Protein chains: 2
Amino acid sequence: MKNKIKKSAINLFYKKGYFATSMSTIAKATGIRKSSIYHHYSTKEEILLDIFRTTMNDLQDALRTRLDAAAGARERMQAAIYCHIIFHIERQKEAIIADSELRGLTAKNYKEIIQMRDDYEKKIQRVLEEGVAEGVFVDLDIKVISYAILSMCTNVCTWFKKSGRLSKEDVAGICSVFILKGLASS
Amino acid sequence: MKNKIKKSAINLFYKKGYFATSMSTIAKATGIRKSSIYHHYSTKEEILLDIFRTTMNDLQDALRTRLDAAAGARERMQAAIYCHIIFHIERQKEAIIADSELRGLTAKNYKEIIQMRDDYEKKIQRVLEEGVAEGVFVDLDIKVISYAILSMCTNVCTWFKKSGRLSKEDVAGICSVFILKGLASS
DNA sequence: GTCTATAGATGGATAGAC
DNA sequence: GTCTATCCATCTATAGAC
């Protein structure tokens, strides 16, 4: 049941946003009364936090697995781009929530999630540093470029349409070629 | 006074988000009672719409001016990147609102703003097409690459810090070099 | 573990005096 | 053009029965 509530919340937060979604709407979508939700979650924010934790953890795990399986900065960057984009398409709803509902978290929870996001960014920045050290990437501003890459790959979840012209692998391929060309030292 | 209300709303929508901001909070920040707001705006949504219209119009105007002053696809793309990034830093608060509060608009207003955004995107896509036709840009997926470029340039407003290491021109320069390198045919 | 009922606060918006 | 006062809906959350 806890999972049914979470799924309803994901759909509603995705469609209407966190603050525009009420506990009674979540309850209705789940098929129970709103007071019953409080048996599983003590506050509305806890539902949001649960979604954040799951999403961020799964994203971290996916990246770790893909990075470990690749050798050399160029291949590792390509693996990271594919992984990030495909995750943000497959988990489109949660990705949009994780990307736009940070303001729904109070200080303590906010810090926890920001920490996870920072760790993730640092992994990408390390791959960029490796590439510069290996001489396969041109010398660049690691911070700005890492934000640029993550922004364009994250934002895919806002415009990608499953019924559209391109598959998720197509999009990952197009972005990957563009980014790696921009990074290349030669 | 209408402008004072708008400025308070911009600060609050930026800090807390549209749905988490109440009319009474806007009134308090403006130094009037909430009923007085309704003499200037008939609904809360109208305040948001006013912010959207102003921001989008100013952005459109800025791009038009900069594009008209540049010749050749490469220079025109560079002008667009600088223009877009510097606008999103100088008007950081409004840019974040315009980028994240679309769900606060009801159907009719939503369509109006989406139309403006689409027009803007098409201008960027036209520059990409020019570049491919001129042979200065590699043959690429215009739609995906235009979204990629706009995503990374728009998102600058979420991480840029005025007290930070880099000026807005620095950031525009770094992104511009990266993007133009990724686009170049040679 | 879900229910009915309700507390207690706050939301957007309006009426009418000045 | 701003004020006081208020309407009515809805919000998050809790109490206590079953």
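The model shown is predicted, which means the values in this text are computed figures rather than measured ones. Order of the sequence lines fixes the chain letters, A, B, ..., with proteins taken first and strands second; residue numbering starts at 1 for each chain.
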ask   = For B:M1 and A:F19, take the nucleotide of DNA chain D holding the closest heavy atom to each; which residue's nucleotide lies nearer the 5' end?
value =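 Looking at DNA chain D, the more 5' nearest nucleotide goes with B:M1.
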Partners of [X] by salt bridge (Lys or Arg N to Asp or Glu O under 4.0 Å), sequence neighbours excluded?
X	result
B:E134	none
A:K168	A:E90
B:D99	none
B:K44	none

- request: Can you tell me which residue pairs pass the salt bridge (Lys or Arg N to Asp or Glu O under 4.0 Å) test with a partner in residues 139-164 of chain A, sequence neighbours excluded?
  value: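 Listed once each, the pairs are A:D141-B:R165.
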Under a 4.0 Å heavy-atom cutoff, the residues of residues 21-45 of chain A touching DNA chain C are A:I32, A:R33, A:S35, A:S36, A:H39, A:H40
With sequence neighbours left out, the residues meeting side chain to side chain contact (heavy atoms under 4.5 Å, CB included) with A:D170 are A:L166, A:S167
Of all residues at least two apart in sequence or in a different chain, which pass the side chain to side chain contact (heavy atoms under 4.5 Å, CB included) check with A:S151?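 Counting only residues at least two positions away or on another chain, A:S151 forms a side chain to side chain contact (heavy atoms under 4.5 Å, CB included) with B:M152, B:N155.
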**Request:** Please examine the side chains of B:F178 and A:I149, heavy atoms only from C-beta on, and report whether any two atoms are closer than 4.5 Å.
**Result:** yes
In the 5' to 3' direction, the nucleotides of DNA chain C bounding the stretch that comes under 4.0 Å of a heavy atom in chain B are C:dG11 to C:dA15
